[in-house]
Protein chains: 2
Amino acid sequence: MAESGRATTRTRATLTDVAALADVSVGTASRALSGSGRMRPETRQRVLDAAQTLGFRPNQQAQSLHTGRSWTVGLMTTDGIGRFSTPVLLGAEDALGAGKISVLLCDTRGDLIREQHHLRNLMDRRVDGIIVTGRRTDPRPPLTGVHDDVPVVYALSPSTDPADISVVSDDHQGCGLAIDHLISTGRTRIAHVTGPAHHAAASDRARFTQEFLAEAGLELVLGKPHFGDWSEAWGRRSAQAVLRAAPDTDAFFCGNDQIARGVTDTLRESGIAVPDDIAVVGYDNWDTMALAARPPLTTIDVDLSEIGRIAALRLLDAIDDKPFPGVHSVPCRLVVRDSA
Amino acid sequence: MAESGRATTRTRATLTDVAALADVSVGTASRALSGSGRMRPETRQRVLDAAQTLGFRPNQQAQSLHTGRSWTVGLMTTDGIGRFSTPVLLGAEDALGAGKISVLLCDTRGDLIREQHHLRNLMDRRVDGIIVTGRRTDPRPPLTGVHDDVPVVYALSPSTDPADISVVSDDHQGCGLAIDHLISTGRTRIAHVTGPAHHAAASDRARFTQEFLAEAGLELVLGKPHFGDWSEAWGRRSAQAVLRAAPDTDAFFCGNDQIARGVTDTLRESGIAVPDDIAVVGYDNWDTMALAARPPLTTIDVDLSEIGRIAALRLLDAIDDKPFPGVHSVPCRLVVRDSA
DNA sequence: AGCAAATGCGCAAACGTTTTTCTTGCCGGA
DNA sequence: TCCGGCAAGAAAAACGTTTGCGCATTTGCT
């Protein structure tokens, strides 16, 4: 690489160098730097100075080899690093990086072979723990081949094994926020448009929505949720269909922001005022969608980075031999903008 | 973690264990497994069998400590892990993971303190190299404090130091694709709407666009590019302004897909047919935008994951002591959909 | 003054590999 | 018979730390 100017040292100083310069043994140097052990303040200072002048930084690999801790966790994301895993990942990285733990990124692209490959790699590197995250909220089978003493936390997609540690979004509470908001602003004829029924994120939210409505003595417009896909196009189409079949609808609660945006587009183009005539609530609080919609969407923020953060904290607990098994739910927040 | 069923071994087998089981010395065991050194085939087989039955996997930390290579590279992303860095990151991870190299993820959130913190961490971990990526295409100052023998590759945002290794998108060629396409489909009154003038991505593309038009004996509608921000709202507003001032405009070339989408929305709502009356070309090929627009956008694909891949390959070269300094441009692709 | 206790620090083992050097036994050739 | 050469594998050094143990030297107490 051999650029001239900006470099620091040509060969890195080792503890032996420091010890030599301070005229003590390596053991003493080590203790001086770690602050442990008893020694004359003057000696300690001499070591500190030596380390300073040599720009000494301990070799993590050597430390890890000795202590058995790598100060590293694996972050497996099962589908690319999409819109959902990214904030989770960042939340985790943030919480872990605050300590001296680094994150090894592994993307399996949903491929089991790749997952195994990465997993072996992580084991070989003696990671202290693993966080697994996926795009879907559907439960996933637990990782296989993880060594006993390496804890695993599942984020976003819980493990199918309830004895594992999982951190998920509280869809139930999220739907409650949305429905409460709509009802408290006087809406009673509420439609629910969402993604494919075979996605947990769609079917769960639909079920919760109906439960909350039932508690208020209401039921969905047309009696049932509208399953489709997560796209704007589906939002546009379903809005048309609902308007035709139930013109007195006064609110749409949508399974995600893209659908919600599609719905608002159809409404606007049909000359229906949002939220005056019909209110629209989205889900996810995906900025680019929610803010660009006309009007900007009132929506449920899933707080993905908080999920990542909690997952990291639970992992740290488990690494520290104080695991909290089970499913941990992270509450959502209602973000009120102009659409409801 | 103490689940019962799925585990493998309670304590991991070490090379010493393998050697003991095979009744050879550790040195011999090591050579048997690495395939180097001469020995009786029978002995080698005995070691292989022992390793197999014990499920032996070499401890990477120990290997690294000895060989001085960590088989690890740092991936520093300077602003969250946004829409731009993510594909770059994945491309890099893919190219590196193909070997046995793992990726350490560091997010600086644009904070210099954090950058230094992460950098020290990476140095302490003896990474073999570093890839730096940012959201903007503006050049960035080189990393400071990197040890001499650790190569760095800058992806997406080039380093201001031309002696560094940078991999960027070929904006010049990309603009050429767009303008060629528009001209070859008979457009001559082309407007350019883009982001803030102080973003290289905006000013560069604007300049290149004008150059290509000039080559064809044309110039921009209203004589100059329209700088604003990267939002749909700006796309909508500027489209209105352009239509008012230059009603004979027959094409919009936009600095990104969000602006392009805003433009198409305004056109559609003004009763102007896209692309029959006016063509629209975006930039970035951001699926969620380009596909959801009406009509779906013809746009320039920046091939971010290829940038990541190339960056990884250049880094491997440099790690291998065969660096190719300078700026490497990755060509864009024209994706033709329905808007032009 | 004399002895126990405390202090300061060096020595060496250990972590799990790889690699170099050294030992042993065997064979063939003079 | 003796020795050179060679093959197979053992032993040991090395990578850079941390840490238990023990040896001096100092301190404190009678």
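No experiment lies behind these values; they were computed from the predicted model shown. In what follows, chains are A, B, ... by sequence order, proteins preceding strands, each numbered from 1.
Distance from the side chain of B:R38 is smallest for D:dA8 among the nucleotides D:dA10, C:dC9, D:dA8.
Taking CG from A:L89 and CG from A:D107, the interatomic distance works out to 10.0 Å, rounded to the nearest 0.5 Å. Of the inter-residue distances, the one linking A:T72 atom OG1 with A:R126 atom CZ reads 12.5 Å to the nearest 0.5 angstrom. How far CD of B:Q60 is from CZ of A:R125: 4.0 Å, rounded to the nearest 0.5 Å.
Rounded to whole angstrom, the span from the CD atom of B:Q45 across to the C1' atom of D:dA8 amounts to 17 Å. Between B:D17 atom CG and C:dT17 atom C1' there is a gap of 13 Å when expressed in whole angstrom units. One atom, CZ of B:R69, and another, C1' of D:dA14, lie 20 Å apart when rounded to the nearest Å. For the pair B:R40 CZ and C:dC26 C1', the interatomic distance rounds to 12 Å; values are reported in whole Å.
Side chains of B:N59 and B:Q63: no donor on one and acceptor on the other come within 3.5 Å.
Contact of the B:V152 side chain with the B:I165 side chain is not registered, since no non-hydrogen atoms from C-beta on lie closer than 4.5 Å.
Among the atoms of the strands shown, only primed sugar atoms or phosphate atoms (P, OP1, OP2) are found under 4.0 Å from some heavy atom of A:T43. Among the heavy atoms of the strands lying under 4.0 Å from B:D23 are primed sugar atoms or P, OP1, OP2 only; no base atom is included.
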Enumerate the protein-to-nucleotides 15-18 of chain D contacts in which both atoms are nitrogen or oxygen and the separation is below 3.5 Å.
| residue | atom | partner | partner atom | Å |
| --- | --- | --- | --- | --- |
| D:dT17 | OP1 | A:N59 | N | 3.1 |
| D:dT17 | OP2 | A:T14 | OG1 | 3.1 |
| D:dT17 | OP2 | A:L15 | N | 2.6 |
| D:dT18 | OP1 | A:Q63 | OE1 | 2.9 |
| D:dT18 | OP2 | A:S30 | OG | 2.6 |
| D:dT18 | O4' | A:H66 | ND1 | 3.2 |
| D:dT18 | O2 | A:H66 | NE2 | 3.1 |

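Using a 4.0 Å cut-off between charged side-chain N and carboxylate O, B:D111 and B:R109 make no salt bridge.
The shortest distance between the side-chain N/O atoms of A:S25 and the OP1/OP2 oxygens of C:dG10 is below 4.0 Å.
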